Number of protein chains: 2
Amino acid sequence: MSDAAERLVLTTQELLWERGYGGTSPRAIQDRAGVGQGSMYHHFRSKADLALAAEKRSTSELIAEAERVMSGPEKPLERVVRYLRLERAVLKGCRIGMLTADPDVIATEALRAPLKEAFDALTTRISALLREAQEAGQLDASLDAHAIATTTMAVRQGGYVLARAAGSTQPYEEAIEGIISLIEARAIGARD
Amino acid sequence: MSDAAERLVLTTQELLWERGYGGTSPRAIQDRAGVGQGSMYHHFRSKADLALAAEKRSTSELIAEAERVMSGPEKPLERVVRYLRLERAVLKGCRIGMLTADPDVIATEALRAPLKEAFDALTTRISALLREAQEAGQLDASLDAHAIATTTMAVRQGGYVLARAAGSTQPYEEAIEGIISLIEARAIGARD
DNA sequence: GTCTATAGCCCGATAGAC
DNA sequence: GTCTATCGGGCTATAGAC
């Protein structure tokens with residue numbers, strides 16, 4: 001990937017996070033990336049094409065980060081909790097979650113698909129850890145691991161929403177501690 | 001409120017839900033409401049002013065609906081569950097939650113405040129029901145009622161996000177059933 | 001690969017007539 | 001109260017030169 005294309009993708013990742021899809025203009029991308037109009041349209045067919053490249057990079061970065069945090073020698077439940085408590089730029093919101101508010105992103109299959117795949121991948125990873133905990137006799141086996149994983153993902157996404165509305169990270173942190181306390185209440189012999 | 005102003009507020013509520021704040025133009029509002037430009041600017045100073053009126057109406061409608069659903073002679077925990085299972089246009093997203101993705105809404109105190117107040121009111125209402133359940137000996141008294149209420153709000157908001165990404169109501173429903181199962185596991189003598 | 005020019009349209013708001 | 005005209009600017013994309 002050429003240097004100009006590289007900078008365009010990086011800049012688009014930033015602007016999609018800050019301003020959303022509808023709020024990000026090709027002009028703004030070019031200005032911040034220091035790349036001319038002709039150059040941008042040489043490398044990317046359209047705004048949607050560039051946004052797709054930015055989305056794909058953001059989702060793979062987020063998945064790689066989650067995988068890093070959920071790996072290690074610790075008990076599976078501890079790794080899920082570590083992921084839940086992962087420090088985040090809460091008031092900036094979720095880079096990919098916020099894109100779901102944009103009607104054009106949702107209406108465009110190509111732009112929606114990476115979001116779905118990313119959430120599916122993260123949910124599956126958490127679900128696998130919960131099942132692992134159940135098989136090791138460390139978590140109530142009667143729980144639906146996939147449902148709890150989905151709930152966990154939802155708490156995080158919803159936490160961002162509440163925090164941005166409040167103008168404070170407090171609701172995010174409270175929601176996270178709430179779900180952790182409910183899950184740990186179903187843990188077996190996990191008191192260290 | 002005059003008939004024109006009334007139609008403008010109603011139409012703006014619809015458009016904010018469908019297209020967001022940045023995606024809703026005064027022109028689009030006027031066209032759908034069947035009200036001319038001059039008329040609109042006679043009743044409302046600006047787009048933000050009209051959006052504020054629409055936001056206020058939407059939040060008071062949502063709070064009234066929640067209050068209706070969480071009232072009744074049933075046990076407090078049942079009323080919380082009934083609220084959680086309340087039928088919703090899931091794929092349209094939350095009318096007010098989605099506005100938190102807009103940077104201009106978040107940056108404008110007047111437009112952010114109604115969102116914060118609505119989420120605070122709903123969280124407080126759920127929290128009160130959870131405490132009521134605890135005082136009646138129907139819910140584990142060691143739980144932090146306010147934190148669980150915040151978690152509950154977050155699950156709903158995050159459920160919308162996951163559902164819109166997936167293009168399916170399934171993740172929303174799964175997340176809701178997950179949190180219900182975790183809360184009911186802390187219920188005392190609630191098996192009917 | 002990158003440049004400038006231009007197209008055609010929409011934006012949010014104001015002015016002043018009626 | 002509602003109308004039309006108009007402002008200065010931004011939007012996404014294409015064309016054709018260099």
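Since we're looking at a predicted model, the values are computed, not measured.
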Please produce a list of atom pairs where a protein N or O lies less than 3.5 Å from an N or O of nucleotides 3-9 of chain D.
unit_1	atom_1	unit_2	atom_2	d
dC3(D)	OP2	Gly36(B)	N	3.2

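- Out of dT2(D), dT2(C), dG12(C), the shortest distance to the side chain of His42(B) is found at dT2(D).
- Note: CD (Gln30(A)) to C1' (dA5(C)) measures 14 Å, nearest angstrom.
- Atom P of nucleotide dA13(C) and atom CE of Met40(B) are separated by 7 Å, given to the nearest angstrom.
- Residue-level contact check: Ser2(A) touches neither bases nor backbone, having no heavy atom under 4.0 Å from any strand.
- Contact of the Glu117(A) side chain with the Thr59(A) side chain is not registered, since no non-hydrogen atoms from C-beta on lie closer than 4.5 Å.
- Under the 4.5 Å side-chain heavy-atom criterion for grouping Ile, Leu, Val, Met, Phe, Trp and Tyr, Met98(B) is not connected to Ile96(B) through any hydrophobic cluster.
- A donor-acceptor pair under 3.5 Å links the side-chain atoms of Thr24(A) to the main chain of Leu15(A), judged by distance alone.
- dA13(D) atom P lies 14 Å from atom CZ of Phe44(A), rounded to whole Å.
- Rounded to a whole Å, the CG atom of Asp104(B) is 15 Å from the P atom of dC11(C).
- Side-chain contact between Leu182(A) and Thr151(A) is absent, with no heavy atoms from C-beta onward closer than 4.5 Å.
- Only at 4.0 angstrom or more do the heavy atoms of residues 20-29 of chain A sit from any atom of DNA chain C, so none qualifies.
- Taking a cutoff of 4.0 Å between a charged side-chain nitrogen and a carboxylate oxygen, Asp102(A) and Arg112(A) do not qualify as a salt bridge.
- Rounded to whole angstrom, the span from the CD atom of Glu6(A) across to the P atom of dG1(C) amounts to 15 Å.
- Side-chain contact between Leu162(A) and Tyr172(A): absent, with no pair of heavy atoms (C-beta onward) separated by less than 4.5 Å.
- Rounded to whole Å, atom P of dG10(D) lies 14 Å from atom CZ of Arg19(A).
- Counting to the nearest Å, the C1' atom of dA15(C) and the CZ atom of Arg45(B) are 16 Å from each other.
- For His43(A), the side-chain atoms get nearest to dG1(C) when compared with the rest of dG12(C), dG1(C), dA13(D).
- Atom CZ in Arg7(B) sits about 13 Å away from atom C1' in dG1(D), given to the nearest Å.
- Remark: Arg85(A) engages Glu177(A) in a salt bridge, criterion side-chain N to carboxylate O under 4.0 Å.
- Listed by chain and number, the residues in a side-chain contact (heavy atoms from CB on, under 4.5 Å) with Asp144(A) are His146(A), Ala147(A) (sequence neighbours excluded).
- Looking at Ser127(A) and Arg131(A), their side chains do bring a donor and an acceptor atom within 3.5 Å of each other.
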